[in-house]
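Step one of this worksheet: look at the structure below.
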Amino acid sequence: MAVSLAGQLREGTKKSHTMAENTGFVACFLKGVVEKKSYRKLISDLYFVYEAMEEAMDKSSEDAVITLDYPALRRLDSLKKDMDFFYGEKWQDDVVPSPAAKAYVARIVEIAQTKPYLMIAHQYTRYLGDLFGGQM
């Protein structure tokens, strides 16, 4: 019996999800109680990740990447509005990605150039986690 990509990802990341859900930040986030400073940092890191991912998707000629690129799922415009709200309109002069976000962005850039088919895993997991809370 064939197993869907969604099923494989859900099963393969189950342990990681359980561990993440038990960290202080994620536990508070899931309860809707999180410090503004921590949430701002999350939003800013996601901004840089989505910027890299959506730029890579724009440049991709990989059929699978193009197929999964739904305009309604794109987050960069919404994240820009969040950044304006949380940091002010001149945030781009001051806000930088965390070391973890820099590493994530570097990985997206690397695979987009060398193994673009791997972008589908990033597209799927970002959208699944960020938009649907991993509940697909």
Side-chain angles (χ1 to χ4, degrees):
M1 177 203 272
V3 179
S4 69
L5 175 61
Q8 290 177 35
L9 285 169
R10 184 174 31 257
E11 196 57 39
T13 61
K14 191 180 290 187
K15 183 178 178 182
S16 297
H17 277 106
T18 300
M19 290 171 57
E21 289 167 1
N22 290 312
T23 64
F25 176 81
V26 175
C28 289
F29 185 81
L30 293 173
K31 292 177 187 172
V33 182
V34 84
E35 292 180 11
K36 183 178 178 181
K37 182 179 178 181
S38 298
Y39 186 71
R40 284 172 21 139
K41 192 61 191 159
L42 171 65
I43 295 298
S44 64
D45 280 350
L46 287 174
Y47 172 84
F48 293 108
V49 168
Y50 273 100
E51 180 181 48
M53 192 171 79
E54 291 180 12
E55 183 177 309
M57 289 167 17
D58 286 340
K59 294 177 181 177
S60 184
S61 60
E62 181 72 30
D63 287 339
V65 172
I66 294 166
T67 299
L68 289 177
D69 184 12
Y70 292 95
L73 294 177
R74 289 202 167 214
R75 307 307 328 135
L76 198 56
D77 288 340
S78 294
L79 286 166
K80 283 180 184 176
K81 290 176 187 172
D82 289 344
M83 296 294 284
D84 288 346
F85 177 81
F86 283 109
Y87 289 99
E89 292 183 11
K90 296 191 182 263
W91 62 268
Q92 290 175 318
D93 296 336
D94 301 317
V95 179
V96 297
S98 69
K102 284 181 185 178
Y104 194 168
V105 166
R107 178 65 177 158
I108 290 170
V109 170
E110 176 190 350
I111 65 169
Q113 294 171 355
T114 61
K115 298 177 183 176
Y117 58 90
L118 292 178
M119 282 295 301
I120 64 170
H122 291 273
Q123 289 172 283
Y124 183 86
T125 55
R126 283 273 44 100
Y127 294 143
L128 179 68
D130 296 341
L131 298 177
F132 304 106
Q135 302 301 314
M136 282 185 85

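Owing to the predicted nature of the structure, the values given are computational and were not obtained by experimental measurement. If you read the sequence from its start, that first residue is 1, and numbering goes on from there.
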Taking the six-membered ring for Trp and the single ring otherwise, decide whether the centroids of F86 and Y39 are under 6.0 Å apart. yes
Within one Ile-Leu-Val-Met-Phe-Trp-Tyr cluster: I66 and I111, side-chain cutoff 4.5 Å: no
CZ of F48 to NZ of K102, rounded to nearest 0.5 Å, is 9.0 Å
Of all the heavy-atom pairs spanning K41 and P97, show the shortest one and how long it is. NZ-C, 4.0 Å
Carefully, step by step, assess M53 and R126 under the rule side chain to side chain contact (heavy atoms under 4.5 Å, CB included). CA-CA 10 Å; M53 192 171 79; R126 283 273 44 100; 3.9 Å; yes
What orientation do W91 and Y47 show, parallel under 30°, tilted 30 to 60°, or perpendicular over 60°? perpendicular
If I compare all heavy atoms of V95 with all of S44, which pair ends up nearest, and what's the gap? CG1-CB, 3.6 Å
Within a strict 4.5 Å, meaning less than it, do heavy atoms of the Q123 and M57 side chains meet? yes
Treat each ILVMFWY residue as a node, draw an edge where side-chain heavy atoms are under 4.5 Å apart, and state whether I43 and L73 are in one component. yes
Salt bridge (charged side-chain N to carboxylate O under 4.0 Å, His left out) against D58, all qualifying residues, sequence neighbours excluded: R74
Are D84 and K80 within salt-bridge range, i.e. N to O under 4.0 Å? no
V65 and P116 have their tightest heavy-atom pair at CG2-O, 3.3 Å
Mind running salt bridge (Lys or Arg N to Asp or Glu O under 4.0 Å) on D77 and K81 for me, showing each step along the way? CA-CA 7 Å; D77 288 340; K81 290 176 187 172; over 6 Å; no
Do any N or O atoms from the side chain of D45 and from the backbone of A100 form a donor-acceptor pair under 3.5 angstrom? no
Would L118 and R107 count as a side chain to side chain contact (heavy atoms under 4.5 Å, CB included) here? Give the steps. CA-CA 10 Å; L118 292 178; R107 178 65 177 158; 4.0 Å; yes
With the 4.5 Å side-chain cut-off for hydrophobic clustering, are I120 and V109 part of the same group? yes
In a check of side-chain contact (heavy atoms from CB on, under 4.5 Å) between E54 and each of L79, I108, V49, L76, which one passes? L76
Indicate, with yes or no, if L46 and V96 share a hydrophobic cluster defined by side-chain heavy-atom contacts under 4.5 Å among Ile, Leu, Val, Met, Phe, Trp and Tyr. no
What's the separation between atom CD in E62 and atom CG in L68, rounded to the nearest 0.5 Å? 10.5 Å
